[in-house]
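Taking it in order: structure first as structure tokens, then the write-up.
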Number of protein chains: 2
Amino acid sequence: MEFASKQEEQDYYQHVASEQEFLEWYKKQEHPIYQNPSVTVDMVLLCYNKSTDQIKVLLIQRRGNPYRNSWALPGGFITASESTGDSVIRETKEETGVTISAKNIEQLHTFSTPGRDPRGWVITVSYLAFIGEAILSAGDNANQARWFTLERKDNQLYLTSGEIEIILDLQTQKSLGKDDLAFDHNQIIIKAFNRIANKMAHEPQVLQVLGETFTITEARKVFAKFLGVDYRSIDHSNFKKSLLDFLEEVGERPAGVGRPSKLYRLKEDFREN
Amino acid sequence: MEFASKQEEQDYYQHVASEQEFLEWYKKQEHPIYQNPSVTVDMVLLCYNKSTDQIKVLLIQRRGNPYRNSWALPGGFITASESTGDSVIRETKEETGVTISAKNIEQLHTFSTPGRDPRGWVITVSYLAFIGEAILSAGDNANQARWFTLERKDNQLYLTSGEIEIILDLQTQKSLGKDDLAFDHNQIIIKAFNRIANKMAHEPQVLQVLGETFTITEARKVFAKFLGVDYRSIDHSNFKKSLLDFLEEVGERPAGVGRPSKLYRLKEDFREN
DNA sequence: ATAATAGTGTCTTTTAGACACTATCGT
DNA sequence: ACGATAGTGTCTAAAAGACACTATTAT
């Protein structure tokens, strides 16, 4: 086929040729792909330590520029053969050693404010996931991955690990302390936290941080952490009533002081997102 | 500065140099940008026609391959100087003539399944917005933009305009009729519809389709459309009670048969997303 | 026995829902 | 006057919340 101009050729394939012809032609063309953004994924991965009663979020320390030595969410660049969900699972595994199932991730938000990455045009798709404390050890220290405790006081979030303390304001989404997260990861964490707090009463997937089975009181403690209150201020009886629709009894926990507590797990329907 | 190899140079700037030095160096490099996906935005724009009692969604007919002549959501490729929110507002304006405010859009989901676009690697960030029927005429016919009525019957969505009828199953997200939407836009529309139906009782931004002011019965009719029921099956009194927290009275509508209805509008706090 | 923990039962308040009634308009 | 539309009031059932009580264990 002969064309008087490139424009005419394009017109032909776009508007006259069949879709199959168009695609064969399209794949042979040079594409102005230099205009495309880099796309990353980021994972807000939460767990809970029953013995210390602490919510934890997994962060990695960046080993290279930009934001070298800053703490950041695990994540990285996507590849063409994966969905963003697959990418974030792969990147989390690579950077932290933690394996997450595709069923247990939830897409949060896509961040694209110009200038959010000093390297240039980069947008990120953020995800949220919960894992039980059994996998807590998977944070690979050699690889700079560390669990930060996540504590809510009033309307501030405190992320702490050793000497490092990052303070985020839930309203303004600003960082208040001496330490800071890389990129706009403070916004992502706040988005995740608010999402969980707002919907946990109706969609209690957050209880996955308790592992396969848990007691009512453990669930109360997790809820209390996200509400920023003492767990005893949540009435045991009423709490149980409100959550029972989502739970099924699976036995008793024999050990410990006091009356043995019953063990529950999330019903199948609510274990996935 | 001299380096024995490119690898050594990269190591130096990533791990030794300051962030500023790194960024100056980084911007001079050739980047493997050929690996980047194209990123598009898509807008699910809904309105409501009071006289015909119909929810409508704005679609455009594609003039070029791929999916030439298929109907699709307005949208297009993003540019580096904008956030995806700004992009979708610009694209909607360009393709349909409809102006939307940044405050009135809500991000839905980012779709990235490999193969979702026959041209190659394309991911899309989808948005949702509502406009009052006053702007209904803005659908520019010369530009192939048209309002499709959106009707829920049981668990199917019917999108119709003239001869064209697109049927989507809310459960399976499959297209059931003879006509079909371009790309995975059926999934996007279903996502939007479910989002609205699930949260409208608590966040009734969907009432923006009624314009600035509206009556309780008009609001009932809009809710009924998303629930797929006759509006008279929703008790007027109870409905009003449940919504009154979000509304403020702004007068009376004098015209029409029957007792004059009071006019309400969404309180400031609930007008934005 | 007692403190600690956890589960159960009961009463009250609040909310949701069903339904009847009143008000205003056009014909 | 009457039908159509719309707003108000009331009663009941269900859900949420407060709080007291019972059960089991370790010390």
Side-chain angles (χ1 to χ4, degrees), chain A residues 48-53 197-204 207 210-211 213-227 229-265, chain B residues 48-53 197-204 207 210-211 213-266:
Chain A
Y48 172 76
N49 186 316
K50 291 183 183 179
S51 49
T52 59
D53 184 28
N198 286 333
K199 74 170 204 178
M200 64 186 180
H202 307 99
E203 297 176 33
L207 297 179
L210 290 164
T213 63
F214 49 85
T215 69
I216 296 293
T217 300
E218 284 165 354
R220 260 167 87 203
K221 285 179 177 171
V222 169
F223 269 51
K225 286 291 165 193
F226 283 95
L227 298 172
V229 300
D230 187 286
Y231 84 97
R232 286 163 296 188
S233 72
I234 301 174
D235 184 273
H236 180 103
S237 164
N238 298 331
F239 179 78
K240 184 178 174 178
K241 251 193 295 184
S242 74
L243 224 58
L244 221 51
D245 283 348
F246 307 108
L247 304 180
E248 53 192 9
E249 212 179 309
V250 289
E252 261 195 9
R253 175 168 297 164
V257 181
R259 175 171 177 173
S261 45
K262 290 181 181 167
L263 281 175
Y264 298 85
R265 70 169 172 214
Chain B
Y48 172 76
N49 187 316
K50 292 183 183 181
S51 50
T52 59
D53 184 29
N198 286 332
K199 73 170 205 177
M200 64 186 180
H202 307 101
E203 299 176 30
L207 296 179
L210 290 165
T213 63
F214 48 86
T215 69
I216 295 293
T217 299
E218 284 164 355
R220 261 168 86 203
K221 286 180 178 173
V222 169
F223 269 51
K225 285 290 166 194
F226 283 94
L227 298 171
V229 299
D230 188 287
Y231 83 97
R232 286 162 296 187
S233 71
I234 302 173
D235 184 274
H236 180 104
S237 166
N238 298 331
F239 179 79
K240 183 178 175 178
K241 252 194 293 184
S242 73
L243 223 59
L244 221 50
D245 284 347
F246 307 108
L247 304 180
E248 54 192 9
E249 211 180 310
V250 290
E252 260 195 9
R253 176 167 297 165
V257 181
R259 176 172 175 171
S261 43
K262 288 181 182 169
L263 281 175
Y264 297 85
R265 70 169 172 214
L266 278 172

*Using a 4.0 Å heavy-atom cut-off, write out nucleotides 13-21 of chain C from 5' to 3' as B (base contacted by protein), S (sugar-phosphate only) or - (no contact).*
----BBB--
*OP1 or OP2 of D:dA6 less than 4.0 angstrom from a side-chain nitrogen or oxygen of B:His236, does that happen here?*
no
*Measure from the side chain of A:Lys240, starting at C-beta and using heavy atoms only, and say which of C:dG7, D:dA26, D:dG7 lies closest.*
C:dG7
*Once you round it to whole Å, what is the distance between C1' of D:dG7 and CZ of B:Phe239?*
14 Å
_For atom NZ of A:Lys221 and atom P of C:dA6, their distance in whole Å_ = 6 Å
_Protein-nucleotide distance (B:Glu218, atom CD; D:dG7, atom P), rounded to Å_ = 10 Å
*Between atom CD1 in A:Ile216 and atom C1' in C:dT8, what is the gap in whole Å?*
13 Å
*Partner set under side-chain hydrogen bond (donor to acceptor under 3.5 Å, both in side chains) for B:Asp53, not counting sequence neighbours*: B:Tyr48
*To the side chain of B:Pro260, which of C:dA6, D:dT25, C:dC25 is closest?*
C:dC25
*Please give, in whole Å, the distance from D:dA6 P to B:Ile234 CD1?*
14 Å
*Beyond-backbone contact of A:Met200 with A:Leu227, side-chain heavy atoms, under 4.5 angstrom*: yes
*Excluding sequence neighbours, so at least two apart, what forms salt bridge (Lys or Arg N to Asp or Glu O under 4.0 Å) with A:Asp235?*
none
*Between D:dA16 atom C1' and A:His202 atom NE2, what is the distance in whole Å?*
12 Å
*Check side-chain hydrogen bond (donor to acceptor under 3.5 Å, both in side chains) between A:His236 and all other residues, then give those that pass, not counting sequence neighbours.*
A:Arg220
*Under the side-chain hydrogen bond (donor to acceptor under 3.5 Å, both in side chains) rule, collect the residues that match up with B:Arg259, sequence neighbours excluded.*
none
*B:Arg259 has an atom CZ; how far is it from atom P of C:dT27, in whole Å?*
20 Å
*asked:* Suppose we screen for salt bridge (Lys or Arg N to Asp or Glu O under 4.0 Å). Which residues come up paired with A:Asp245, at least two apart in sequence or across chains?
replied: none
